[in-house]
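Letters A, B, ... mirror the listed sequences (proteins, then strands); counts begin at 1.
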Amino acid sequence: MAQGGALDRWVAIGLSSGIAPESASGITVGAYDLALWRGADGKARVWENRCPHRGMRLSYGFVRENRLSCIYHGWSYDGDGSCAAIPAHPGLTPPKTIKTQIFECVEQADMIWAAVKGTDDPEPAIPGDWTGCRSIAIDAPFDTVAGLFTQVDFQLTLPAGNGAAGPLTCELQTLGDGVYLIRPDDVRTCDALLCAVQPVATCKVMLHVSALLTGATGELGENLKLISNWAISLRRMAEAETSSAAA
Amino acid sequence: MKLYDYVLSGNCYKIRLLAAFLKLDYQTEPVDFYPGKQHKNEEFLTINPLGQLPVLRDGDLVIRDAQAILLYLANKYDSERSWWPANNALRVGEVAMWLSFADQITSTASAARLHDMLGYELDVDAARSGANTLFRVLEDHLTDREFDGDDWIAGDCPTIADIACFPYTALCGDGGISLQPFPAIQRWVRRFTALPGFVAMPGINCIK
Amino acid sequence: MAMDPFTWSHWYAIGRLEDVPEGGTRKTRLLGIDIVAHRSSGEVTVERVEDHAPLAVQERYGHVWTTFSDEPKPLYDMPEFDEDGRRLVTAGCVTVRCSGLRAVENFLDMAHFPFVHTGILGEEDHAEVEQYCVEMRADVNEVWATKCRFYQPKAAATAEGGQMTHYKYRVPHPFSTILYKTCPIREGAWDLVGLFIQPRDEDLCDVHSFVLVFDEENTDTGLLHFQQTIFLQDRMILENQVPALLPLDPRRELPTRADASSIAYRRWLKENGQSFGVLAEEAVG
């Protein structure tokens, strides 16, 4: 179940544009503590956030070319997770047994998706030239945020900018647990939005939003701001519902 | 020029950062803020009656308060007028707004850090929750800035607003606050540490 | 709570002498138990908060020490504290979210200097850790690492420029460790830097530290800033090691030759039956 944050199915964990080449970042999905990093080759990787040497979180490490190095002792790892160098022993070829635990990682719809190795969940395949808009933290349970998509009338909330008059009629398609495709009838802000909910903790999620903008008019940045503001309004709704449920 | 300095103070670090960016020559006078509370002793109170760091002495001038010192140094020593965009009223307003915001980060994120690290007695839950509220405002702002193609808090180059907001944001982990919910802030921190002349402080790693 | 007789048998520093001034009290926590220290007529008393049970107290090495044990192991000896001409700087207590055992292990480790204390205790171009000696001294039940050599750009507050520094490390207590390093201004003498760790809980500790040196150049505050810089660089690492408790099973965290002192320390803890602050062994099958 997505609510528990299990990675036996694919979960969106960030926007592709959110992680620059030669950088690393920490990601939480339920009980999973992950290091997401991108090499100079542009390839994103997702690993267990723990150096096999002394347990340091690898997300604090540094990336040079296509290797991630631990900040603690500089042990560096190739893209496949095998240890390539141990600075304390420059002459030593690291034993093959030193390997990080790696997860599956693909990029689709300008988002980064992760799952455990050997998952039987089919890889996400969302065709189109998507533009990542933003990842927004929401202090609400997964079900509350997912519920906004399946219960709320989106005609009331979708951005109607660039001269289009709201409310917009739109079609909502559920692509997976917490993954939604929204197509408004007026494409002047966007042709479609892809929203993916990442469970973080009991009352915390990240909502990742990408947009198809092929038919959109106006400045790219202004369209993205409209969509981002819409995501902020979703955050407000989800958090209001959460606090009224708690009261 | 002399900076009354404490190595673990994010507010003193603001001054060390601007001095490094502007390549200023200065001396430091180390103050035993912890555990000695030297900033509260009589001798120091004659320098700053508020009993706070940092304090800068430049010739006959003695100036206190991190944001005030940033303003002074930028106005006096930045011939490019980029760190404090004095010629642009709109930018001046924006930068001043975020300087004041930085003080709120100090009273929340820095308070949580003092509690968790040095055992200060205060309401740490309130401090953390206050910091999270502020970070959300900064996150939304930096997200919009990125949509405009800009990397910094105000305008198209770093200003003293970035310097003022940086230390206690980057150090928030010391006080048990995570930046994971704030990806735009994380990207801004990364850009900031890559600025030419950047210097680190304990708690902020920056191996490239 | 994973209490064990070895942990229970020791004295623990709970603050600097100055932290318990005349008429003052210091509330704190040791091994999961709330305690309070108080000084009146010059004398420090410590009691358990729950039942006001008085605890044994001694003032030594610039700190107040206490124990829950009725028959504590004697506090280890550091004769250097009685030598003339040395300066003692106590750096105050810093709280860290990790097992105190992780903090000891980090202190014994030279291999992290180039990456965590970059430009001060190490640099990437000189990251090699040469072989050093490790011994368990059975007579005193202590772990020592000797003949340690490491290239350091700025080994101490006094040091100018890089040098090969010679170290000895000592672990006389599961939650204490002392570094002896060659004194740059006095031939044949060792400067001391040490940690007295107060385990508040299994995964939370207060680290008290001291510097005991021959030094005519730096102010006390200069030495303090140097010591705090180093320790606060370590704190960020210690709070991000997973898990927070120290695993003793060598299959769980993979060591190399540079970790000889860590290997010996973990083995020593295991042999002494340490369980407080240790990751419970999982069934490996």
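- Heavy-atom distances place no part of C/F231 under 4.5 Å from chain B, backbone and side chain included.
- The closest side-chain heavy-atom distance from B/P35 to C/L224 is below 4.5 Å.
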Could you pull out every donor-acceptor pair under 3.5 Å between chain B and chain C?
from	atom 1	to	atom 2	distance (Å)
B/Y6	OH	C/Q228	OE1	2.7
B/V31	O	C/H225	NE2	2.8
B/Y34	O	C/Q228	NE2	2.9
B/Y34	OH	C/C93	N	3.2
B/Y34	OH	C/C93	O	2.5
B/D116	O	C/R235	NH2	3.4
B/D116	OD2	C/R97	NH1	2.6
B/D116	OD2	C/R97	NH2	3.4
B/M117	O	C/T95	N	2.8
B/D174	O	C/R97	NH2	3.2
B/D174	O	C/R235	NH1	3.3
B/D174	O	C/R235	NH2	3.3
B/D174	OD1	C/R235	NH1	3.4

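- Residues passing the salt bridge (charged side-chain N to carboxylate O under 4.0 Å, His left out) test with B/D156, sequence neighbours excluded: none.
- In terms of non-hydrogen atom pairs under 4.5 Å with chain C, the most contact-rich of B/G203, B/G176, B/P30 is B/P30.
- Chosen from B/V31, B/L118, B/I204, the residue pairing most often with chain C at heavy-atom distances under 4.5 Å is B/V31.
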